[in-house]
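Heads up, the thing below is written out as structure tokens.
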Amino acid sequence: MNTAVILAAGKGTRMNMGINKLYLNIKGRPLLARTLDVFFACSSIHEIVLVIGEDEEELCREKIICNMEHNKPLKLVIGGKERQDSVYNGIKSADKGSELILIHDGARPFVTQAMIEESIKEAKLHKAVAVGMPVKDTIKQVDGNGFILNTPDRSGLWIAQTPQTFTLDTIVQAYELSYREKAAATDDAMLVERMGLRVRMIKGSYDNIKITTPEDMALAEEILESGRVGNV
Ligand SMILES: Nc1ccn([C@@H]2O[C@H](COP(=O)(O)OP(=O)(O)OP(=O)(O)O)[C@@H](O)[C@H]2O)c(=O)n1
Ligand SMILES: C[C@](O)(CO)[C@H](O)COP(=O)(O)O
């Protein structure tokens, strides 16, 4: 069985709306509901662990869960201070019989079933898979004084997205090690890479954006209106 850990316990600070951005509507439907729609529709996902904010259970049940058909087990878990803590809380709650754990930002509503299925297929082969896209811009590393330190060769650079998918034992080991060694990470693949394991990268989509700042809400509406994604 495969478990999806969906992250929804952030504060949405950069959205600057004073609320958790996942409960904002995009064309009349909450961002988080749109993300969950895709995982509920995917027959290769057998369990969903939804990681929510400490004081947001009532909001989540009223605004999201009560308005959704859920055709598979759904567990609500309280997140932590950092994204990493929320992921770990979610992983610990996953069914111990899970073969794969798919970790996905609730703030990425334009994930597709195809990305999920491809991630599962590749994770069965490689134990660790991240979704992403080749960068389109030149990337600069800049020092603390605002001067360019270096320009990495663009040909090998990708932006990491989610889902990021791992065998249960791989991601549990990675997280337990990260806490023992107090290793910080902005994504989950980093923690597996630091164990010296190879992580497969597969293509997601340039539409698989993380809704982070106000500009992203307008972009999300455009993506929905385009019909490219967003209809599960
Ligand atoms: N402690 C945290 C922090 C983040 N997230 C989730 O991880 C995803 C990616 O995080 P991000 O886009 O940074 O969301 P926020 O942390 O809410 O945004 P900000 O950094 O602007 O506060 C989001 O779905 C967010 O809800 C989480 O579950 N727990
Ligand atoms: C996991 C991630 O979405 C990959 O790009 C990103 O690192 C999350 O960063 P955030 O600051 O927690 O949004």
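All ligand and atom numbering here is 1-based and tracks the order in the structure. Worth saying up front: this structure is predicted, and the values here are computed from it rather than measured. This chain uses plain numbering: 1 for the first residue, then up along the sequence. Note that these values count all heavy atoms, side chains included, but never hydrogens, waters or copies made by symmetry.
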Inset, instruction - Would you sort out whether L24 and M17 count as a side chain to side chain contact (heavy atoms under 4.5 Å, CB included), showing the intermediate values? - result: CA-CA 9 Å; L24 295 173; M17 295 281 284; 3.9 Å; yes
Inset, instruction - Taking the side chain as every heavy atom from C-beta outward, state whether K11 and I19 have any pair of such atoms under 4.5 Å apart. - result: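 They are not in contact (no side-chain heavy atoms under 4.5 Å apart), so the answer is no.
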Legend entry - Heavy-atom check, side chain of R83 versus side chain of L7, under 4.5 Å: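 The answer is yes; the side chains approach within 4.5 Å.
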Please give the N or O to N or O pairs under 3.5 Å between ligand 2 and the protein, distances rounded to 0.1 Å.
residue  : atom   : partner : partner atom : Å
ligand 2 : 3 (O)  : D105    : OD2          : 2.6
ligand 2 : 3 (O)  : R108    : NH2          : 2.9
ligand 2 : 5 (O)  : R108    : NH2          : 3.2
ligand 2 : 5 (O)  : A160    : O            : 2.7
ligand 2 : 7 (O)  : T186    : O            : 2.7
ligand 2 : 11 (O) : R14     : NH2          : 3.1
ligand 2 : 13 (O) : R14     : NH2          : 3.3
ligand 2 : 13 (O) : K210    : NZ           : 2.6

Legend entry - Distance (rounded to the nearest 0.5 Å) between N2 CG and I116 CD1: 10.5 Å
Inset, instruction - For ligand 1, would you mind listing the residues that have at least one heavy atom less than 4.0 Å away, ordered by chain and number? - result: L7, A8, A9, G10, K11, G12, T13, R14, K21, L22, G80, K81, E82, R83, S86, D105, G106, A107, K210
Inset, instruction - Determine whether the side chains of S93 and K75 contain a donor N or O and an acceptor N or O closer than 3.5 Å. - result: no
Legend entry - Donor + acceptor pair across side chains of Y179, D85 (<3.5 Å):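 Checked: Y179/D85 side chains pair up, N/O donor to acceptor below 3.5 Å.
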Inset, instruction - Verify the neighbour count for atom CD of E69: are there more than 12 heavy atoms of other residues, nucleotides or ligands below 6.0 Å? - result: no
Return a table of donor-acceptor pairs under 3.5 angstrom between the side chains of residues 207-214 and protein atoms on other chains or two or more places apart.
residue : atom : partner : partner atom : Å
D207    : OD1  : R228    : NE           : 3.4
D207    : OD1  : R228    : NH2          : 2.8
D207    : OD2  : R228    : NE           : 2.7
N208    : ND2  : Q161    : OE1          : 3.0
N208    : ND2  : T162    : O            : 2.9
K210    : NZ   : T212    : OG1          : 2.9
T212    : OG1  : K210    : O            : 3.0
T213    : OG1  : E215    : OE1          : 2.6
T213    : OG1  : D216    : OD2          : 3.3

Inset, instruction - Any ring pair (Phe, Tyr, Trp, His ring centres under 6.0 Å) involving residues 147-170? Give me the pairs, sequence neighbours left out, ordered by first then second residue. - result: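 Of all non-adjacent pairs touching residues 147-170, none passes ring pair (Phe, Tyr, Trp, His ring centres under 6.0 Å).
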